[in-house]
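Letters A, B, ... are given to chains in the order of the sequence lines, protein chains preceding strands, and every chain is numbered from 1.
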Amino acid sequence: MLVFILRRMLLLLLTMLLVSVAVFLITEASPGNVARNVLGSFVTPEQEASFLNQLGLDDPAPVRYLHWLVGSDWRGSRLVGLPLKRLVTEKGFVEWWARLPDGNLVRWKLDGDNLIAQIRRPDGAVEEVPDNGRWRKRADGSSYFWGLDAHNRAVLWEKGTKRKAWVFVVGSGWKEVSGGAMDYLPLKKGFLRGDPGVSLRTGRPVAKSLFIRLRNSLVLAGIAFAVVMPLALALGIAAGLREGSALDRSLSVGGMVFSVIPEFAMGIFLILIFALWLGWLPGATVFGEKAPWQRPDMLVLPVLTLTLIELGYVLRITRASMVEVMRSPYIRTAFIKGLPYRRVIFKHAVRNALIAPITVIMLHVNWLLGGIVVVEVVFGYPGLGKYLLDSALYKDINALEAGAMIMVVAAVGTQLVADILYTFLNPRIRYR
Amino acid sequence: MLQVAEGTSQGKTSRRTGRRLFLGIRRTFSLIFASRTATVGFFIVAFWVSAAVFAPLLTPYSPTYQDWKAPNQGPSAAHPLGTDELGRDLWARLLYGARIVLVVLPVSQDLWLPGGTALWGVAASLALGAFLGLVSGYKGGWIDEVVMRLLDAMMAVPVILLYLIFVAAMGASAVNVVLAIAIVGTPGIARLVRGLTLDIRTRDYVRAAETRGESPWYVMFVEILPNAKGPIIIDAMLRVGYAIFAMGTLGFLGLGLPPPSPDWGSMVAKGREFILAGSPWAALWPSVAIASLVVGLNLLADGLREEAMRYQ
């Protein structure tokens, strides 16, 4: 069993690796880039190049994948020539500093031709001192310096060059500035070390936005799951007990019809009925700063959509399993030896009939994820799916990779849980 | 004399195959009409197929003609289902949308292939899946191991993620939609064909062909594949419904056919913006269309399967 779990864990890691490479390659191979998507289609080639340079997107693809996977701070450290340190400030911002031999932390900025070191004292105060001694000479006489700037990037400054750059300033958007910066290397710790980087679209850390989105999606999926499961299992058992009856036929045909209608069409129907014509519920979800559970009225329609879609599927599987069990000889034996009807159903039949649905439902999580993405888009629900869609459309590779990894873990992880659960429900199964 | 004899025997066989085909069709229809769900499904599907084929006869409008004076209108005598936000006739757009799904594949502005985007997607996944399944089932060994592990990994990845990445990266076009449907469908078909191949491989006629010294490709595609076609065809029928479902979802997520194509999913996505402004028609009709077509196909397949099982 332990070997089995370990092997499956290894397979999970392998799948994640394959998917991350595939996502990277496909995004890479396709036309268009994040600069056009963020800056708009009227961006000049200079602005585009400047943007890509600042985000480190002008490096070769394998290097960028490596940076995403294991971080870029080791390379920055080698370029700057000092060890780097990652700080989290009291307000929760991440800052990268270089550590001087005397233990003080330092960053630099360029003022005209003067290099200025910003030295951070242990108490947090920052002191600025001229630091022109650090310029290094090239063979052709020009001076350059690799340092750290205030935006968590390793920067190559060159003395005397004036180049226009297109810089993102938090709060006021994109601005044109001039300076001597020639090349940038954004610093990050890499996915393997727990840092998925910064969203290229919003400039915010992916981990932070993703956490909130994931929580919202889990709330939606959790409520839908809690509604669907008991209902579908009960209806499926009821239908399976009376095979061929009017109840059975209408439940199975109705369940099939509901489960094959695309989620977006179902969502539109429900919005039209409950939001537009009856006016009972809001037809879109706008939470602002609030958490989803603070506006339960906005959760009703998304949950109802997911419920109707999933209900039919689980119901049909439960029904089929129940029908099969009811035909088996041991149920007949139980009846013949005179056990009461209720006892046969609940003690003998239902227990065995539930094995198949429970594991199949776990495998169905793959589909549920797709349903959630669509439902989130229909209702404008701020969840993981919508985040992933937006990231994909913008080619925001950091956000896309992180979201994709979460989805893979969710899908493969639930399959593993299903397999383990199966051994408990059906002790005849042994995994090697 | 010999030639005449040959001619008559050919005529006889062709007449016999014609009769067999006719009987086969009649049996299929009697199967369909024996089941109520299959009958309902058949009529829904037949409605959409004929709507798609005869689209130009059923509406005077072109799907891209814009009536600027009448945007976002409800049903009226001039526009039986109303108009969308640009004043385009919704009935015309629905009909031509059905065309894209079922009858033509718009590869580019000038090149339109017969066969429908959804059908091409299923055909492509069948070809790829059958090839992989045959090779890995017949050859076995490390090829089988590698192919199956890769397909396992692909199946473990959520379908929606594959769709998002493929089409968001490659952009919106009919060919990319076909590719997305094909790639997502391939692992399932490959597994099915591999299972069938493992079974058929042990039959005597395969042994005989191997002993004759036929090449592995001959054995795979001439001996094994035709004998596995039954389950593959049933699987493909179910996949058509799913491919239409997928097409709609892709279109709704903004990854379908580029505008101004009358793509049902994209129509819903666009019309959704005007629902709360009080004109629900542009979102309602394509939703109804796609839901009814998918439900119809599933009713048909479900009823047929049940009825066929009863015969057996």
- Task: Run the numbers on F269(A) and L284(B) for side-chain contact (heavy atoms from CB on, under 4.5 Å), then give the verdict.
- Result: CA-CA 7 Å; F269(A) 295 151; L284(B) 174 64; 3.9 Å; yes

Please check if atom [atom1] in [X] has more than 12 non-hydrogen atoms from other residues, nucleotides or ligands closer than 6.0 Å.
X	atom1	result
W48(B)	CH2	yes
Y242(B)	OH	yes
R8(A)	CZ	yes

- Check each atom of L18(A) against the heavy atoms of chain B and say whether the ones under 4.5 Å are side chain, backbone, both or neither. side chain

Name the option with the most non-hydrogen atom pairs under 4.5 Å to chain B; the candidates are [options].
options	value
T15(A), I268(A), V412(A)	I268(A)
L388(A), L12(A), L272(A), V374(A)	L272(A)
I261(A), L369(A), V260(A), V253(A)	V260(A)
G403(A), G385(A), G370(A)	G370(A)

Please output the side-chain donor-acceptor pairs of residues 268-279 of chain B that fall under 3.5 Å, not counting sequence neighbours, one pair per line with the distance.
from: K270(B); atom 1: NZ; to: E273(B); atom 2: OE1; distance (Å): 3.4
from: R272(B); atom 1: NH1; to: V377(A); atom 2: O; distance (Å): 3.3
from: R272(B); atom 1: NH1; to: V378(A); atom 2: O; distance (Å): 2.5
from: S279(B); atom 1: OG; to: F274(B); atom 2: O; distance (Å): 3.4

- If you check every heavy atom in residues 19-26 of chain A against those of chain B, which residues fall under 4.5 Å?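 Hits under 4.5 Å: V19(A), V23(A), I26(A).
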
- Item | Winner by heavy-atom pair count (cut-off under 4.5 Å) against chain A, out of V288(B), V295(B), I290(B), I244(B) | V295(B)

- L297(B) portion near chain A, given a 4.5 angstrom heavy-atom threshold: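 Interface part for L297(B): neither.
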
- Test L161(B) against V373(A) for side-chain contact (heavy atoms from CB on, under 4.5 Å), laying out the working first. CA-CA 9 Å; L161(B) 187 63; V373(A) 171; over 6 Å; no

- Item | Stepwise side-chain contact (heavy atoms from CB on, under 4.5 Å) check, M256(A) with T37(B) | CA-CA 11 Å; M256(A) 193 269 280; T37(B) 47; over 6 Å; no

- Mind listing the closest non-hydrogen atom pair of A291(B) and P262(A) along with its distance? CA-CD, 4.2 Å

